[in-house]
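Numbering of residues begins at 1 and proceeds along the displayed sequence.
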Amino acid sequence: MDWDANVTQRNAVLAQLAGAINVPWADWPTVGELNQTLGAQLPVRFIDDNDFVALNCYYEQAVEQGLVPTRAASWHDFFGAVIWALYPKSKTLLNRLHMADIQALGLRRTPRRDRVTHFDECGMVLAVTNKAEIEQWLCDHDWQQLFIDQRHRWGKHWQPFVFGHALYEQALAPFIGMTAKCVIVEMPAEFFELPLTQRYILLDCKLAAELEQRALFDQPRPLRPLPMLGIPGWWADNEEPTFYQNQDYFRPPRCRK
């Protein structure tokens, strides 16, 4: 897909990035431009494929050295760089978890690494004032409560923040079936009134701390599915309550605690 300098204006999902990042380029940004615009305060810098090949190591090992391999003209990798800019502490933690398993068990995939990758690609952080309540509704797949009865709370007491760069890539052409894997974090009421850039800074700190303290990815099923196009304001069709009757998308309860 071609470069689009107006990517944050394409739809309501990508509009979550408006005001959070600057997209000043008329064509695909180089890694140097990404470093200049997104990476100035980051603990890593972005490198191209040739530099990555010269390292002769695996992706996570490159990141451990502070180098993030980034393919040219790739929406997937562009959004990966964006997520690094928005969540540097949390991204650093996820790579540290990968490296802990690699150092202990070698390069084979482990269940924990699979869970980390799942969140890294498809994760969403749901900031709320009432964590226990909404976590239960998500666990129960209680879409009636989440999207209809409590609809007024979205954007006010409940704010979704995309974490997985693959979700932003999917949002270039949204489709019924787009589902995020949620981590819920409780934030004070004043958080929701802050400027967007400040919210990301606080959210990143809180997310990294909770992921580490709770050892979330050591658990067998740590993430809650959330059908993204059910979020009020993110998809025009969900203004009609009948939209939520599609059980292939809004699946009935099957939570295993």
Q: Please test L226 against F147 for side-chain contact (heavy atoms from CB on, under 4.5 Å), starting from the C-alpha separation and ending with a verdict.
A: CA-CA 11 Å; L226 177 66; F147 293 129; 3.5 Å; yes
Q) Aromatic rings W75 and F78: how do their planes relate, parallel, tilted or perpendicular, breaks at 30° and 60°? A) perpendicular
Q: Give the ring-plane orientation class for H165 versus H76, where under 30° counts as parallel, over 60° as perpendicular and anything between as tilted.
A: perpendicular
Taking the side chain as everything from C-beta on, heavy atoms only, tell me whether [X] gets closer than 4.5 Å to [Y].
X: L207; Y: F163; answer: yes
X: W25; Y: T37; answer: yes
X: L38; Y: W84; answer: no
X: M178; Y: P227; answer: no
X: L17; Y: V7; answer: no

Within a 6.0 Å radius of atom [atom1] on [X], are there more than 12 heavy atoms belonging to other residues, nucleotides or ligands?
X: Q219; atom1: CD; answer: yes
X: R45; atom1: CZ; answer: no
X: K131; atom1: NZ; answer: yes
X: K89; atom1: NZ; answer: no

Roughly how far apart are [X] [atom1] and [Y] [atom2], rounded to 0.5 Å?
X: K206; Y: Q213; atom1: NZ; atom2: CD; result: 9.0 Å
X: R221; Y: C139; atom1: CZ; atom2: SG; result: 11.0 Å
X: E121; Y: F79; atom1: CD; atom2: CZ; result: 13.0 Å
X: D120; Y: T117; atom1: CG; atom2: OG1; result: 6.5 Å
X: T179; Y: L167; atom1: OG1; atom2: CG; result: 9.0 Å
X: L34; Y: I47; atom1: CG; atom2: CD1; result: 12.5 Å

Distance-only, no hydrogens or angles: does the [X] side chain make a donor-acceptor pair with backbone N or O of [Y] under 3.5 Å?
X: D27; Y: W3; answer: no
X: S74; Y: A72; answer: no
X: W154; Y: L146; answer: yes
X: R112; Y: F217; answer: no
X: K156; Y: F192; answer: no
X: H157; Y: T129; answer: no
X: D142; Y: Q145; answer: yes

Q.
I need the full list of side chain to side chain donor-acceptor pair (under 3.5 Å) pairs touching residues 225-249, with sequence neighbours left out, sorted by first then second residue.
A. R151-N238, R151-Y244
Q | Chi angles and distances behind the side-chain contact (heavy atoms from CB on, under 4.5 Å) call for F46, L67 | A | CA-CA 6 Å; F46 308 109; L67 305 171; over 6 Å; no
List the atom of [X], the atom of [Y], and the distance in Å for their closest heavy-atom pair.
X: N11; Y: A171; answer: ND2-O, 2.7 Å
X: L126; Y: C182; answer: CB-SG, 4.5 Å
X: Q16; Y: P160; answer: OE1-O, 4.0 Å
X: I184; Y: E135; answer: CD1-CA, 3.6 Å
X: E212; Y: L93; answer: N-CD2, 3.9 Å
X: N95; Y: E60; answer: ND2-O, 3.0 Å

ILVMFWY cluster, [X] and [Y] together (side-chain gap under 4.5 Å):
X: L194; Y: I201; answer: no
X: I176; Y: V13; answer: yes
X: I21; Y: L172; answer: yes
X: V23; Y: Y168; answer: yes
X: V185; Y: W137; answer: yes

Q. Going by an N to O cut-off under 4.0 Å, is there a salt bridge joining R113 and D101?
A. no
(Q) Could you work out, with ring pair (Phe, Tyr, Trp, His ring centres under 6.0 Å) as the rule, every residue matching H98, not counting sequence neighbours? (A) none
Q: Please go through V53's hydrophobic cluster and name the other residues, only I, L, V, M, F, W, Y counting, with side-chain heavy atoms under 4.5 Å joining them.
A: none
**Q.** Side-chain cluster (under 4.5 Å, hydrophobic types only) that L107 belongs to, other residues
**A.** Y58, M99, I102
**Q.** Residue pair Q65, C57: steps toward the side-chain contact (heavy atoms from CB on, under 4.5 Å) verdict
**A.** CA-CA 10 Å; Q65 300 176 53; C57 67; 3.9 Å; yes
Q: May I have the step-by-step check of salt bridge (charged side-chain N to carboxylate O under 4.0 Å, His left out) for R115 and D218, ending in yes or no?
A: CA-CA 8 Å; R115 294 173 199 129; D218 292 350; 5.9 Å; no
Q: Could you go through the side-chain contact (heavy atoms from CB on, under 4.5 Å) check for Q159 and R199 one step at a time?
A: CA-CA 10 Å; Q159 290 183 0; R199 273 179 276 160; 2.9 Å; yes
Q.
Can you list everything that forms a side chain to side chain donor-acceptor pair (under 3.5 Å) with N130? Sequence neighbours excluded, please.
A. E133, W158
Q: For D114 and R109, run salt bridge (charged side-chain N to carboxylate O under 4.0 Å, His left out): C-alpha distance rounded to whole Å, both residues' side-chain angles, the deciding distance at 0.1 Å, then the answer.
A: CA-CA 7 Å; D114 286 342; R109 302 293 299 191; 3.3 Å; yes
Q: Can you sort out the partners of A20 under side chain to side chain contact (heavy atoms under 4.5 Å, CB included), two or more places apart, ordered by chain and number?
A: L86, L196, Y200
Q. Where do D77 and T70 land on the side-chain hydrogen bond (donor to acceptor under 3.5 Å, both in side chains) test, with the steps shown first?
A. CA-CA 6 Å; D77 285 16; T70 306; 5.4 Å; no
